[in-house]
Trainee: 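First the structure, which I've put down as structure tokens, then a few questions once you've had a look.
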Amino acid sequence: MNPEFLDGLNDPQKAAVTIENGSALVLAGAGSGKTRVLTTRIAWLLSMGKASSQEILAVTFTNKAAKEMLLRIGLMLPYNLRSMWIGTFHGLCNRMLRHHHEQAALPESFQILDTQDQLSFVKRLMKNLSVDTDKFPPRQVQKFINSAKEEGLRYDSVDDPNGFNRPYIELYEAYDIQCQKEGVVDFGELLLRTLELLQRSESIRKHYQSRFKHILVDEFQDTNSLQYSWLKLLSGRSTGVLAVGDDDQSIYAFRGANVANMQYFEKDFKITKIIRLEQNYRSHGFILDAANSLISRNTSRLGKNLWTDSGMGECIRVFESPEDVFEAAWVVDEVKDFINMETSPSDIAILYRSNAQSRILEHELNKRNIDYRVYGGLRFYDRAEIKHALAYLRLLENQNDDTAFMRIVNFPSRKIGNRSLEQLQDVAKTLDLSLFDAIDNLEGKVSLALSKFKEMIEDIRNEINFSNLPETVDLVIRRSGLEEYYLSEKNGSERLENLKELVTASSGFIAEEKISSSIPSNFGISRRSSKNENIEPNKPVTLVDESEFDKNLNLTPLAKFLVNASLESGESQAGAGKAAVQLMTIHSAKGLEFDVVFVTGLEEGLFPHENSLSEINGVEEERRLMYVAMTRAKKRLFLSSAQARRLHGQVRYHQQSRFLEEIPKECLKKLSMQHDTNLNHASAFNGRKLNVENQTYGLTHNELHSNFSSNEKNSNNLNALKVGQYVRHQRFGDGIVLALQGTGSEASVHIKFEQNDVRCLSLAIAKLEKI
DNA sequence: TACCGAGTATTTTTT
DNA sequence: ATACTCGGTA
């Protein structure tokens, strides 16, 4: 008897859901029902009695994906799913390490360094060791450490054939020692430490291997070598691993993701037949054709071709704007049209390559009173004031946390300057103490301000003995001086609001904890936990019912809250739930779908990003990113670019992205600004009539605007020139315009000539001919 | 010794 | 635009 949720699945989907034994690799194209396959398989396993909820491990990359999975399984089955191990790689490793913290040589309440913390950690370490930060930029060191960990390498196993890495390796060693002293771990350490734990302890390994009968991996193409080894180690003889992925959507190579894992998986897990999901249920024909055609330019692919039976739909609209502000105006104008035509704002997404691009779009949306929601960017827990408050809390929880100490020792200002802190660091280093503990060993008057600080922290610690978590958070905000500080700051009110929000978040956290730990662990149909309990009667590791998992930890609510804050860096932002236009980077759009999608900033240098041009296979990864962007769209897709864009406070000029060339013309409909303005978009440009031929570039913002309203200025040949225009120079030959700058007699133009050199020529002098 | 202002470098994407 | 460093001043 197959449960009804198999109905409506196509054949390959059904095959993936009902694999009986062994492992499988599912090559799931964009929009081919990947999540549905994963969740239906879990529901199928449970309801058919093939596995109990405790025998299933499902791993994703983002908290969002994990939550989505839980939600969808919850819709199919009325069980308590909390006991199931569904989570991110980092979340699950965190869970294991807490559980086996002794064997992993970690304090029970170890805290997690995020990327920012890690960088300041590295800086502090290097200063302590007097390493020249000009020769070895902290960022490089951080990257070195992280990539080593991503490959599963400790400092003593990093390859160093020519001795070039020696200083980095030494720093890596010192870094790990210091982390251990302070009782903190970074993201990579979570995974590496868990892997080593599994490698080292046969009993723990065997325990998990026999426990997890089914492992399901989402976005398998994004796994790095460390995660792959972890999966291999976790799966025992009788474990079936279902890996679902799409090599065309591999967009995280920059952080160590290794698509080759798909090939390794085929071999290591003895996959006889790859299941291909090629029917796309998401996008209309034009969108799919365009995406297929684009991605076919990539050389290394496992190969598949998506098809749909939902009709061709509308052409993709392409809009080239002279300036970023007009691009934004055009996008928002179109958005407004859709909203007027009763498209829900939440079905509309505006995507961009990098977070910095969101600002201008937000501005325009604000101006036109359209609700929107920005994902990513500065997350709640990344805000400075929140990090400050959390640092106080972290120091209270663990006084060895030097990162937290340094962050707040003089914030708000307590007249503790660099000199005092250097002395403190010296003492701490000599006596091998944490900074906090070293305060008592300081001599002379320098120690006064520091002693007072220490006293304050200890006072707070005494006080919070009698308060619950929200009270603690509130108390810290007041007693630390943060409240006072932000009250007196000009822009402090918003920050104060955020701090209040943190108190609210903490009480929400407590409430959630209470609810989930009060649910009895009863899984109805196929509970088979008794079987597990006998696996290793003589071994110290015993299976703990997951609903009891948290109870078995001695973590204070504060410690739990802090872990939660660093692991889920504030996915839930204010304004959720409301119908709002969705703004996000393409990376964070992966896995999502929308009726209407705008991909903005399609410019060479921006997308593909200039940094990618010098990386091996960089452009291919960018192309996959474009593929991901395009395949988010169900019904309508819009692509836009701007010739001039303000970036890092400067105006930069770009040509259109090569990706636009790589889409078949038949799928596209190109719009020009003039065309649009004259039709129905005049409003976006404040009623100004724009004539594309008369535009001038390279002017300052204000000049540009004044020129738009009155186009009589600039009668020189700057008028006729445009970025990307081919020109001929008597002496230098043919070239292409890269940028224009200045006005009047000051006007100059950057041209790249055929001999490959770029020259800056004065327009008043140089005779240029358009070709 | 601390603070303030000027000058300089910096930015892809995320757990 | 923003974060961070450096040097001069209080």
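Note on naming: letters A, B, ... go to the chains in the order of the sequence lines (proteins, then strands), and numbering restarts at 1 for each one. Because only heavy atoms are used, hydrogens play no part in the values below, and waters and symmetry mates are left out as well, while side chains stay in.
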Trainee: Closer than 4.0 Å, any side-chain N/O of A:Thr115 to the OP1 or OP2 of B:dT15?
Mentor: no
Trainee: Report yes or no: is the cationic atom of A:Arg624 (NZ for Lys, CZ for Arg) under 6.0 Å from the centre of the six-membered ring of A:Tyr627, at an angle within 45° of the ring normal?
Mentor: no
Trainee: I need the CE-C1' distance between A:Met626 and B:dT13, as an integer number of Å.
Mentor: 16 Å
Trainee: If I take atom CZ in residue A:Arg419 and atom C1' in nucleotide C:dT5, what distance separates them, rounded to the nearest angstrom?
Mentor: 18 Å
Trainee: Has A:Arg658 got its NZ or CZ under 6.0 Å from the middle of the six-membered ring of A:Phe607, at an angle within 45 degrees of the ring axis?
Mentor: no
Trainee: Inspect the surroundings of CZ in A:Arg72 and state if more than 12 heavy atoms from other residues, nucleotides or ligands are less than 6.0 Å away.
Mentor: yes
Trainee: Are OP1 or OP2 of B:dT11 and a side-chain N or O of A:Asn355 less than 4.0 angstrom apart?
Mentor: no
Trainee: Of the listed nucleotides (B:dA2, B:dT15, B:dT13), which one gets closest to any side-chain atom of A:Lys415?
Mentor: B:dA2
Trainee: Distance check needed: B:dT13 P versus A:Met584 CE, whole Å only.
Mentor: 15 Å
Trainee: Rounded to whole angstroms, how far apart are CZ on A:Arg124 and P on C:dC4?
Mentor: 14 Å
Trainee: Base, sugar-phosphate alone, or nothing: which one does A:Ile416 contact when heavy atoms must sit under 4.0 Å apart?
Mentor: sugar-phosphate
Trainee: Quick one: does NZ or CZ of A:Arg373 land under 6.0 Å from the six-membered ring centre of A:Tyr375, within 45 degrees of the ring axis?
Mentor: yes
Trainee: Determine if A:Phe254 stacks with B:dT13; use a centre-to-centre distance below 5.5 Å and an interplanar angle below 30° as the criteria.
Mentor: yes
Trainee: Within this structure, what is the CG-to-P distance between A:Asn617 and B:dT13, rounded to whole angstrom?
Mentor: 21 Å
Trainee: Has A:Ser413 got a side-chain N or O lying under 4.0 Å from the OP1 or OP2 atom of B:dA2?
Mentor: no
Trainee: Determine whether the side chains of A:Glu362 and A:Tyr372 contain a donor N or O and an acceptor N or O closer than 3.5 Å.
Mentor: yes
Trainee: Would you mind telling me which of B:dT1, B:dT13, B:dT14 lies closest to the side-chain atoms of A:Ser354?
Mentor: B:dT13
Trainee: Ignoring the backbone of A:Arg359, work out which of B:dT15, B:dT1, C:dT2 is nearest its side chain.
Mentor: C:dT2
Trainee: Counting only side-chain N and O atoms of A:Arg139, is one of them less than 4.0 Å from OP1 or OP2 of B:dT11?
Mentor: yes
Trainee: To the side chain of A:Asn611, which of B:dT11, B:dT13, B:dC3 is closest?
Mentor: B:dT11
Trainee: May I have the distance from A:Asn63 (atom CG) to B:dT15 (atom C1'), rounded to whole angstrom?
Mentor: 8 Å
Trainee: If you assign each of A:Asn410 and A:Ala356 to its closest nucleotide in DNA chain B, which residue comes earlier from the 5' end?
Mentor: A:Asn410
Trainee: Assess whether atom CD of A:Glu610 is packed by more than 12 heavy atoms of other residues, nucleotides or ligands within 6.0 Å.
Mentor: yes
Trainee: Choosing from C:dT2, B:dT15, B:dT14, which nucleotide comes nearest the side chain of A:Phe187?
Mentor: B:dT15
Trainee: Just to be sure I understand the rule, does A:Ser612 reach a base, reach only the sugar-phosphate, or reach nothing, if contact means heavy atoms closer than 4.0 Å?
Mentor: nothing
Trainee: Could you give the CD-to-C1' distance, from A:Gln142 to B:dT14, as a whole number of Å?
Mentor: 12 Å
Trainee: Which nucleotide wins on minimum distance to the side chain of A:Lys123, given the candidates B:dT14, B:dC3, C:dC4?
Mentor: C:dC4
Trainee: What is the nucleic acid contact for A:Phe607, judged by heavy atoms within less than 4.0 Å: base, sugar-phosphate only, or nothing?
Mentor: nothing
Trainee: Is any side-chain N or O of A:Asn146 closer than 4.0 Å to OP1 or OP2 of B:dT14?
Mentor: no
Trainee: Pick the nucleotide of DNA chain B nearest each of A:Gly417 and A:Leu625; which residue has the one closer to the 5' end?
Mentor: A:Gly417
Trainee: Starting at CG of A:Leu606 and ending at C1' of B:dT13, how long is that distance when rounded to a whole Å?
Mentor: 12 Å
Trainee: With a 4.0 Å cutoff (strictly under), does any side-chain N or O of A:Gln116 reach OP1 or OP2 of C:dA3?
Mentor: no
